[in-house]
Amino acid sequence: MVYQVYPRSFADSDGDGIGDIPGITAHLDHLTDLGVDVLWLSPVYPSPMDDNGYDISDYRGIDPSFGTLADFDALLEAVHARGMKLVMDLVVNHTSDEHPWFAESRASRSSPRRDWYWWRPPREGMAPGAPGAEPTNWASFFSGPAWTLDEATGEYYLHLFSAKQPDLDWEVPAVRAAVHDVVRWWLDRGVDGFRMDVINMVSKDVAPDGSLRDGPVLGSGPLGDGSASFLTGPRIHEFMAEMHREVFAERIAAGAQLLTVGEMPGVTVEEARLFTDPARAELDMVFQFEHVSLDQGASKWEPRPLRMRDLKASLGRWQAGLAETGWNSLYLANHDQPRSVSRFGDDGPEHRTASATCLATLLHLHRGTPYVYQGEELGMANAPFASITDYRDVETLNHHRHALAAGEDEAAVLAVLARVSRDHARTPVQWDASEHAGFTTGTPWIAVNPDHTEVNAAAQRDDPTSVLAHYRRLIALRHAEPVVATGDFTMLLPEHEQVYAFTRSLDGRELLVLCNLGSTEVPLDPLRADLPPGLAGAQVLLGNLEGAAPERDLRPWEARVLDLAGSRP
Ligand code: TEU
């Protein structure tokens, strides 16, 4: 199991209100107690923090707000001493605009590094800065155009994210070589792999003459969706295979166990099978986005109810699609998504624990590698943010500014942010009931959720009925039972609106997983016809509610893992 740490919000050791690396080192007991195998560390490199470190200005260092390289080495040593591995977050689709490479590139049109980034003149026949003069109509993921004019040279540079995150041009071999050098530098330091940020965006569909195409206009325009030109582009497999060959292959051949996971918005099952096919030596697994887009309309700013049938169809398709070849990553939460118990469960006092543990059971019993995002193991929920001044995230703040400029009603915008903002995942981890939840002795950079007085690690550590205790049991089950790690997956009840059921089977062992994803009780008898035989004599391997019995009706948010093989004579 991989545990994601978002360092800014994990634990602050020096009282500046910002989480840091010594704070992580001081809390490793929490990870080993949980049964963590791999720690995925979100970026800690020097950064102006426009996007909280996903805008890197030096790939070979540690931002002073997080500590020093010596602090990092101490963390790495402590992680290894506990038998865990550490993977870094590799953000190389773009750098910070304050990276020396970009400073050199923007300095002049004849700079040796000019072509390291996507510089283009204004659209044909238009003056620099004129509305619509951007080289393509692409929208940025963070609102507004994906191009910004650099007055000094009269050209625009591409940034799929914020204007402080210029895209590197991976068509340039020297860019790819520089990225390979960065990866080698951290591997030489002893890290065990990388999560690769939006790595399927690094190959743009560019014509031989360097031109890029407009995308279909979004809504009432004028911006368009450029994703057909930059999601899983024409050379992406070539680039992934090249990086594996140039950097990872020889180390793996020498016995190193390295993990690579590519974050790939928009990737399809078919493409993921190619990326994760071991025979193709590209990546070990990918993060796909289908299941976390089902409750979104035209954009994430138009949330809509999630239909259980859609969730089953999506996750079931990914289980089936990567069953023979490739490998799934399993997640419901990360630093970009709202808290899973609030989004997919019920974060009210009555059902928070049950729904958090029900969702965890569902996810962790699927086939693939489960990812736990910091605080998810505590059932941390969305924050009660009421004003835009509560928010910090560039994506959120940009959206708010653009929406209001477009005349949207602020109350409506804030109501959507209250559901979908990335900041809900970025409130400080709730260690105990003290002020600032034990996260800092200073003033936290973002407010601590007031519910930390009830929802915190200290209150759960020794409570066998807590979310934390259930995660511990789930992770131990995966470590103990090969059928959980590698067993075949079969979806059941595809049309049922509330019960999510499936089996896992390996070498005659068969588990039945039943999850009631709703706040009403579901009688079991009407489902029997669609469930495998052996229910009667089954044994309960793991349940999230006390008093679990194989044939009991499913209580609200009840999850039950049954060992059907136990019923075999
Ligand atoms: O996220 C890429 C990405 O697709 C997300 O921005 C997602 O589309 C959006 O957040 C959904 O609301 C990665 C990082 O995980 C994210 O934190 C960075 O902001 C982004 O890339 C740019 O580096």
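For clarity, every value in this text was computed on a predicted model and none was experimentally measured. Throughout, residue positions are numbered sequentially from 1 according to the sequence presented.
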Subject >> Worked verdict on Gln257 versus Asp192 for side chain to side chain donor-acceptor pair (under 3.5 Å) >> reply: CA-CA 7 Å; Gln257 287 188 321; Asp192 305 291; over 6 Å; no
Original post:
What residues form a ring pair (Phe, Tyr, Trp, His ring centres under 6.0 Å) with Tyr471, not counting sequence neighbours?
Top reply: His364
Subject >> Trace of the side chain to side chain donor-acceptor pair (under 3.5 Å) decision for Asp451 with Gln430 >> reply: CA-CA 9 Å; Asp451 72 2; Gln430 296 165 193; 3.1 Å; yes
Would you mind checking if [Y] and [X] are paired as a salt bridge, meaning a charged N to carboxylate O distance below 4.0 Å?
| X | Y | value |
| --- | --- | --- |
| Arg422 | Asp393 | yes |
| Glu481 | Arg504 | no |
| Asp310 | Arg307 | yes |
| Arg367 | Asp488 | no |
| Asp295 | Arg343 | yes |
| Lys300 | Glu395 | yes |
| Glu324 | Arg273 | no |
| Asp89 | Arg195 | yes |

Please tell me whether [X] and [Y] form a close aromatic pair, meaning their ring centres lie under 6.0 Å apart.
| X | Y | result |
| --- | --- | --- |
| Tyr331 | Phe287 | yes |
| Tyr373 | Trp40 | no |
| His291 | Trp318 | no |
| Trp138 | Phe230 | yes |

**OP:** Evaluate side chain to side chain contact (heavy atoms under 4.5 Å, CB included) for Met264 paired with Glu271, printing each intermediate quantity in order.
**Re:** CA-CA 10 Å; Met264 298 196 166; Glu271 288 155 348; over 6 Å; no
Original post:
Checking side chain to side chain contact (heavy atoms under 4.5 Å, CB included) for the pair Val36/Ile475: CA distance, chi angles, key distance, verdict?
Top reply: CA-CA 8 Å; Val36 172; Ile475 294 156; 5.9 Å; no
**OP:** Please step through salt bridge (charged side-chain N to carboxylate O under 4.0 Å, His left out) for the pair Glu558 and Arg552, ending with a clear verdict.
**Re:** CA-CA 10 Å; Glu558 179 166 12; Arg552 181 169 181 170; 5.2 Å; no
Subject >> Option among Thr357, Thr465, Thr361 that satisfies the side-chain hydrogen bond (donor to acceptor under 3.5 Å, both in side chains) test with His470 >> reply: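 With His470 as partner, side-chain hydrogen bond (donor to acceptor under 3.5 Å, both in side chains) holds for just one option, Thr361.
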Original post:
Under the criterion side-chain hydrogen bond (donor to acceptor under 3.5 Å, both in side chains), which of His30, Gln460, Arg472 is the partner of Glu377?
Top reply: His30
Expected list for residues 379-386: side-chain donor-acceptor pairs under 3.5 angstrom, two or more places apart:
from: Asn382; atom 1: OD1; to: Arg339; atom 2: N; distance (Å): 2.8

Taking all non-hydrogen atoms of both residues into account, name the closest pair between [X] and [Y] and its distance.
| X | Y | value |
| --- | --- | --- |
| Asn200 | Val267 | ND2-N, 4.4 Å |
| Leu535 | Arg528 | CD2-NH1, 3.8 Å |
| Arg426 | Ser9 | O-OG, 2.7 Å |
| Glu282 | His244 | O-CD2, 3.8 Å |

Subject >> Flag, side chain of Asp51 to backbone of Gly53, donor-acceptor distance under 3.5 Å >> reply: no
**OP:** Using the six-membered ring wherever Trp is involved, compare the ring planes of Phe161 and His94 and label them parallel, tilted or perpendicular (cut-offs 30° and 60°).
**Re:**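 The arrangement is tilted - the two ring planes meet at 30° to 60°.
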**OP:** Name the orientation class of the two ring planes belonging to His335 and Tyr54 (parallel below 30°, tilted from 30 to 60°, perpendicular beyond 60°).
**Re:** parallel
Original post:
After noting the C-alpha distance and the side-chain angles of Asp347 and Ser342, does the key distance pass the side chain to side chain donor-acceptor pair (under 3.5 Å) rule?
Top reply: CA-CA 5 Å; Asp347 61 11; Ser342 301; 2.6 Å; yes
**OP:** Please lay out, stage by stage, how Asp563 and Arg509 fare under the test salt bridge (charged side-chain N to carboxylate O under 4.0 Å, His left out).
**Re:** CA-CA 8 Å; Asp563 186 341; Arg509 188 89 190 275; 2.5 Å; yes
Original post:
Does the side chain to side chain contact (heavy atoms under 4.5 Å, CB included) test come out yes or no for Leu554 and Leu514, once each step is laid out?
Top reply: CA-CA 8 Å; Leu554 289 168; Leu514 299 169; 4.1 Å; yes
Original post:
Between Thr396 and Ser421, does a side chain to side chain donor-acceptor pair (under 3.5 Å) hold up when you go through it step by step?
Top reply: CA-CA 6 Å; Thr396 290; Ser421 170; 2.8 Å; yes
Subject >> Neighbour count >12 (heavy atoms, 6.0 Å) for atom CD, Glu350 >> reply: no
Original post:
Just wondering, more than 12 heavy atoms not from Glu546 lying within 6.0 Å of its CD?
Top reply: no
Original post:
Yes or no on side chain to side chain contact (heavy atoms under 4.5 Å, CB included) for His237 and Phe275, after CA distance, side-chain angles and deciding distance?
Top reply: CA-CA 7 Å; His237 290 289; Phe275 284 116; 3.4 Å; yes
**OP:** Any chance you could lay out the salt bridge (charged side-chain N to carboxylate O under 4.0 Å, His left out) test for Asp37 and Arg478, step after step, and finish with the verdict?
**Re:** CA-CA 11 Å; Asp37 300 300; Arg478 176 173 290 267; over 6 Å; no
**OP:** Please determine which of His402, His399, His400 meets the ring-ring contact (aromatic ring centres under 6.0 Å, His included) test together with Trp301.
**Re:**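 So, applying the ring-ring contact (aromatic ring centres under 6.0 Å, His included) to Trp301 and each of His402, His399, His400, only His399 qualifies.
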